[in-house]
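To keep things clear, I will list the structure first and then write my remarks on it.
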There are 2 protein chains.
Amino acid sequence: MRLDALDQRIIAELMRDARASYADIGAQVGLSAPAVKRRVDRLRAAGVIKGFTALVEPSALGWTTEAYVELYCTKTSPAEILACVAKHPEVVSACTVTGEADALVHVLASDVQHLERVVERIAAEPCVVRTKSVIVLSRLLSRAATAPGEPAVAAAPMAAAR
Amino acid sequence: MRLDALDQRIIAELMRDARASYADIGAQVGLSAPAVKRRVDRLRAAGVIKGFTALVEPSALGWTTEAYVELYCTKTSPAEILACVAKHPEVVSACTVTGEADALVHVLASDVQHLERVVERIAAEPCVVRTKSVIVLSRLLSRAATAPGEPAVAAAPMAAAR
DNA sequence: ACTGAAAATCGATGACC
DNA sequence: GGTCATCGATTTTCAGT
């Protein structure tokens with residue numbers, strides 16, 4: 001699907017505040033509320049906008065330990081790796097990567113003991129030969145992506161030196 | 001701040017759909033709309049909910065290349081590393097980690113040429129001695145975290161074998 | 001095809017209990 | 001926290017460009 005400048009600005013506004021009213025977004029980009037709604041509906045139907053979510057402080061949900069785990073697998077079919085990792089709810093993201101490892105998964109755990117159990121569970125998957133983990137010491141930055149041309153003003157600055 | 005079961009369910013609903021009405025959320029969790037709003041306002045004021053954002057297909061914004069870059073730094077002060085990486089808009093997340101590297105940053109780029117320039121720019125930072133990148137081949141899974149006790153039903157299943 | 005205007009419905013939100 | 005009332009937002013319809 002082709003996005004024009006108005007679509008991109010609407011998306012930027014929604015990334016900045018997903019609960020903004022269509023009227024407010026329209027005021028920012030120069031459209032009426034119905035026109036904004038029609039475009040958002042179109043963007044959602046096209047799969048450009050996948051949904052709207054709340055940004056929650058992970059520690060408030062009980063996630064105080066975070067790790068990135070490299071997986072070395074027997075079979076490197078992406079679908080099989082996905083099936084292996086998706087069943088563990090602590091896995092928040094996973095991708096296949098270049099380099100020695102086959103996949104990199106991002107894991108949240110309530111503490112290091114929990115993390116250890118999760119890594120053991122993942123390592124016990126048939127397709128996983130071994131794992132290599134790095135534990136996150138402190139999260140420095142976490143923001144939404146803007147469009148390549150755009151300035152970074154639309155990025156949600158939830159940067160925190162906790 | 002202390003979250004009770006109702007707060008957690010409200011957060012789960014907002015993570016599932018940040019544009020849900022307070023009445024809809026209330027129907028799910030068994031509260032009236034004003035009661036839900038009061039709790040959400042409280043959660044926002046407490047910093048538990050940091051904001052609301054749209055989940056956008058990165059490729060639609062022009063991001064087709066993704067990488068994780070390990071940084072080896074001279075000074076490992078988290079604040080200095082944050083200052084080094086935050087100025088690059090392509091960096092979407094960064095954290096200090098255990099292991100050989102000092103930090104791990106997640107980078108989005110429009111293509112591999114762009115990625116190369118970004119990594120060069122980061123590597124040229126005074127605090128960075130060297131970098132080690134892995135390029136993402138395919139994103140398998142990307143979902144929101146639920147609370148440790150909760151089932152993973154609230155996780156947004158944007159899993160795709162692209 | 002996409003826009004804005006108008007109208008009806010629905011949601012947000014403050015006052016009060 | 002619930003109820004109610006008000007105000008604003010959403011969403012459909014319709015017509016203009």
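Everything quoted here is computed from the prediction, not taken from an experiment. So that the names make sense, note that chain A is the first sequence line, chain B the second, and so on, each numbered from 1.
There is no side-chain donor-acceptor pair under 3.5 Å between B:Ser142 and A:Ser93.
Between A:Arg38 atom CZ and D:dT10 atom P there is a gap of 14 Å when expressed in whole angstrom units. To the nearest angstrom, C1' of D:dT10 lies 8 Å from OH of A:Tyr22. Taking atom CG of A:Asp4 as the reference point, atom P of C:dA1 lies 16 Å away to the nearest angstrom. The CG atom of A:Asp41 sits 7 Å away from the P atom of D:dT11 (whole-angstrom rounding). Taking atom CD1 of residue A:Ile10 and atom P of nucleotide C:dC2, one finds them 12 Å apart after rounding to whole Å. Taking atom NZ on A:Lys37 and atom C1' on C:dT3, their separation rounds to 15 Å, with Å as the unit. Distance, B:Arg42 CZ to C:dG14 P: 16 Å, rounded to whole Å. The CG atom of A:Asp7 sits 12 Å away from the C1' atom of C:dC2 (whole-angstrom rounding).
For A:Glu120, the CD atom is densely surrounded, since the number of other residues' heavy atoms within 6.0 Å is greater than 12.
Each of A:Pro34 and A:Asp24 lies near DNA chain D, and the nucleotide nearest A:Asp24 is the one positioned closer to the 5' end.
Residue B:Ser32 is classed as a base contact, given a heavy-atom separation below 4.0 Å to a base.
Below the 3.5 angstrom threshold, one finds no donor paired with an acceptor across the side chain of B:Arg19 and the base of C:dG11.
Taking only side-chain nitrogens and oxygens, A:Arg39 never comes nearer than 4.0 Å to OP1 or OP2 of C:dC2.
Screening residues 104-143 of chain A for ring pair (Phe, Tyr, Trp, His ring centres under 6.0 Å) gives A:Tyr68-A:His106 as the qualifying pairs, with residues at least two apart or on separate chains.
Residues A:Leu3 and A:Leu43 approach most closely at CD2-CD2, 3.4 Å, considering heavy atoms.
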